[in-house]
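Position 1 is the first residue of the sequence, and the numbers go up from there. Reckoned from all heavy atoms, side chains included, excluding hydrogens, waters and symmetry mates.
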Amino acid sequence: MKSATRLYRTWKAKSATRKALFISLVFHLCFLCTTFYILVQNQPIVSDKASLTAELISTEHTARPKPLRKKLAPRPHMPVHDLTDVNTGESPPSLASPVAVPSETPRPALGRSLQAEVEKEKSSPALDLSTQNWSEVSTAAQTLREVEGNLSKTEAASPAGDTTLGAKRSGPPRIQRTPKVTTLKIVEEVEEDIPPALLEEIKEKRKALPNIRFPMLMKKLAQEIVETSEGGPIDVVFVIDASGSMGNNIKSVIEHLTEMVDVYKSSKIDYALGVTEFWARKGSNEIKVTQLTRSFTEYKRTLQAISTHQDENALDAVVQTVKELRFRATSKRHFILVTDEPLTSLEGITLDNAIAHCREFGIYVNVLGLPLDGHQSLATQTGGKWHLIPEEPRPQMPQRANRTLTSRNKAVSLRKAQWADVAKVGDPALKFGGSIPVDIVLFIDSSKSMEDKLPNFLQQFDILVRDWDNAFMDYQIGVVRFRSRASVNMINVYNPPQTLEQIRKIIELPCQGDETLLDAVAEGMRRIKLRPNAQPYFILVTDEPAAGEYSPLAIIQMLEQKRVLVNVVGTYDDFQQQVATKTGGVWVPIPEGQTTNHLYW
């Protein structure tokens, strides 16, 4: 405190000049300190800013790899039936025209005669479809976009909707249902212990009776059952002989079951379905009773799982079904016994005992059987109907190439061909039924000469679709439309599933130019996307002999390797006839088709 007072007195005693100099000195000292501090503090800021600018410039001009627009999935293991040789991680198919990729170097033709190549070479080199630079040019891009524009947004965006052909499976679109692997197994037919005299009697009685085919028979039997219902519910149980001789009959029941169910639905009857399969082995009965269900899909799967064996005892099966089956309280109860053998029993049950059991529980027994007194009595005495079990015709073999025809005869044959025969190309698909899925691909020649033929094909295509639907097939359809102009292939691939409306609009696009069938088949195999567990089923439609850059023999070997079943609506040509024969398909002549020798056309 004293020192502060002393400083104050000293300061007061000084003159004004000395005070001003002292204040000026202090001020300049503060100014120098502030300036020095600012200079020192601002130096790092300038340096950091310059460094940051340099980094920004460096980063801006550095070439970085562009990120992938779509994450590529690893390539899965390709199953036997998968025809795709490229990555399958693509967007769903649509009607948009494919991207144009012009061909670089055309390859010389390898020849068109299949027979000549078979004679010259023992084995053909492998056909590598994945490395070929195909021309995917389509001058019909605008037309295709118009087709897509005419479709509803739902169909264009999601072609696997409820309108998709063959879409009989429940669940959301694109969800594939696990197919029923088990199918009808037919063992080698054994000699039945039927006396020769009885066999002769059956043959003679058959001659005097009309042989009604299974579709009509199933419909007639359903109508008779409906007549007994009086508007109430009905319980219908198939009692099926599963002995070795019944394989074809069981198949026919499965294939034409829809005719029976359609009658029930049209009559608005409350119906439930059951089944009993029976056979015998090593002196004992095997009788499997499946309870009633209202699910037609599950019921058909049960029928498809039936395996055939060696022997049977029908009377034992009828009585056991009466005991085990749980009928509804107010329903009319019907058995349909399907057998091609006399009625026998291992447990000592007589025909009268079986009839008494059925009458006690009010069960009508309808019989699809033989013209024998026992079969007819079982039906009539229980109030049911008896029908002769049909004799199925021998299966038709695929039509083989006829090499004895002259060019003149071939031309005459093509002029006389009927469009109604086109329906035969759908027959091989019916044998699959609902056991395995089928992916059908139409290869449509859209060259100028097909302009007046495709409308006729579409009419027959409606019949094919109807037959596939009636067989309850699990199928879907894709289209490969092909033509060429100025040596440029124009191949449009529309992956399945496509709706009936889409298929019609694709096929009805304008026809122009020429065609190369061999290139279209090879390109179609490379680009088409099929279900891994489906049977590939091709239908080739063309009116010209096969042409293209690939060898016919190589194409056939590739189709056989992929296990593709190929059917052809075409002309007389080595490739077309051979590919149908070797893959198990059908070849039918296309009306007004062309031949290699145009002298007689």
Side-chain angles (χ1 to χ4, degrees), residues 80-81 83 109-121 123-129 396-403 405 410 413-414 417 421-422 424-429 431 438-445 447 450 457 464 478-482 489 491 493 515-528 530 535-590 593-596:
V80 176
H81 290 323
L83 302 184
L110 300 181
R112 301 182 182 178
S113 175
L114 177 62
Q115 184 63 26
E117 293 189 16
V118 173
E119 294 175 354
K120 290 180 181 178
E121 50 183 321
S123 60
S124 177
L127 179 60
D128 185 5
L129 300 179
Q396 296 182 353
M397 299 300 293
Q399 187 171 354
R400 299 184 179 276
N402 188 348
R403 300 186 181 277
L405 292 178
K410 291 178 181 178
S413 175
L414 292 170
D421 294 334
V422 171
K424 294 179 182 178
V425 299
D427 292 345
K431 69 181 181 181
V438 181
D439 281 357
I440 301 166
V441 183
L442 302 177
F443 285 78
I444 302 298
D445 175 0
S447 61
M450 290 291 292
F457 172 76
L464 296 180
V479 181
V480 176
R481 186 176 183 270
F482 63 95
N489 290 329
I491 302 170
V493 176
E515 86 295 319
T516 53
L517 176 62
L518 297 176
D519 293 349
V521 175
E523 173 73 341
M525 284 194 292
R526 184 180 73 86
R527 291 170 54 193
I528 200 74
L530 305 181
Q535 166 64 46
Y537 191 95
F538 288 0
I539 299 178
L540 315 183
V541 184
T542 183
D543 65 345
E544 290 281 356
E549 297 180 353
Y550 274 109
S551 162
L553 182 59
I555 295 291
I556 290 177
Q557 288 178 345
M558 175 60 73
L559 290 166
E560 289 180 313
Q561 178 185 353
K562 300 292 185 180
R563 300 183 183 179
V564 182
L565 197 154
V566 182
N567 303 272
V568 181
V569 181
T571 186
Y572 288 95
D573 171 68
D574 287 342
F575 169 74
Q576 295 179 34
Q577 293 175 292
Q578 285 285 348
V579 73
T581 301
K582 291 189 175 183
T583 61
V586 174
W587 175 90
V588 296
I590 188 170
Q594 306 293 321
T595 62
T596 53

Gap separating the [atom1] atom of [X] from the [atom2] atom of [Y], nearest 0.5 angstrom:
X	Y	atom1	atom2	result
Asp573	Leu517	CG	CG	8.0 Å
Arg481	Met450	CZ	CE	10.5 Å
Met525	Gln561	CE	CD	9.5 Å

Would you check if [X] and [Y] make a side-chain contact, meaning some heavy-atom pair closer than 4.5 Å?
X	Y	value
Glu549	Leu518	no
Leu559	Lys582	no
Val479	Ile444	yes
Val568	Val579	yes
Leu565	Lys431	yes
Pro552	Asp574	no
Ile440	Leu464	no

- Report yes or no: do Ser447 and Asp445 form a side-chain donor-acceptor pair below 3.5 Å? yes

If you look at every heavy atom in [X] and [Y], which pair is closest and at what distance?
X	Y	result
Phe482	Val541	CZ-O, 4.5 Å
Ala417	Pro589	CB-O, 3.8 Å
Pro428	Val586	CG-CG2, 3.7 Å

- Message: Test of understanding: with ring-ring contact (aromatic ring centres under 6.0 Å, His included), list the residues that count as partners of Phe443, not counting sequence neighbours.
- Response: Phe538

- Item | With sequence neighbours excluded, residues passing side-chain contact (heavy atoms from CB on, under 4.5 Å) with Thr516 | Ser484, Asn489, Asp519

- Query: Trp587 side chain to Thr571 main-chain N or O, any donor-acceptor pair under 3.5 Å?
  - Reply: yes

- Picking from Leu540, Thr542, Thr581, what satisfies side-chain contact (heavy atoms from CB on, under 4.5 Å) with Gln576? Thr542

- Query: Could you go step by step and tell me if Leu530 and Val441 meet the side-chain contact (heavy atoms from CB on, under 4.5 Å) rule?
  - Reply: CA-CA 9 Å; Leu530 305 181; Val441 183; 4.0 Å; yes

- Message: Determine whether Asn567 and Val569 satisfy the following criterion, side-chain contact (heavy atoms from CB on, under 4.5 Å), listing intermediate values before the conclusion.
- Response: CA-CA 7 Å; Asn567 303 272; Val569 181; over 6 Å; no

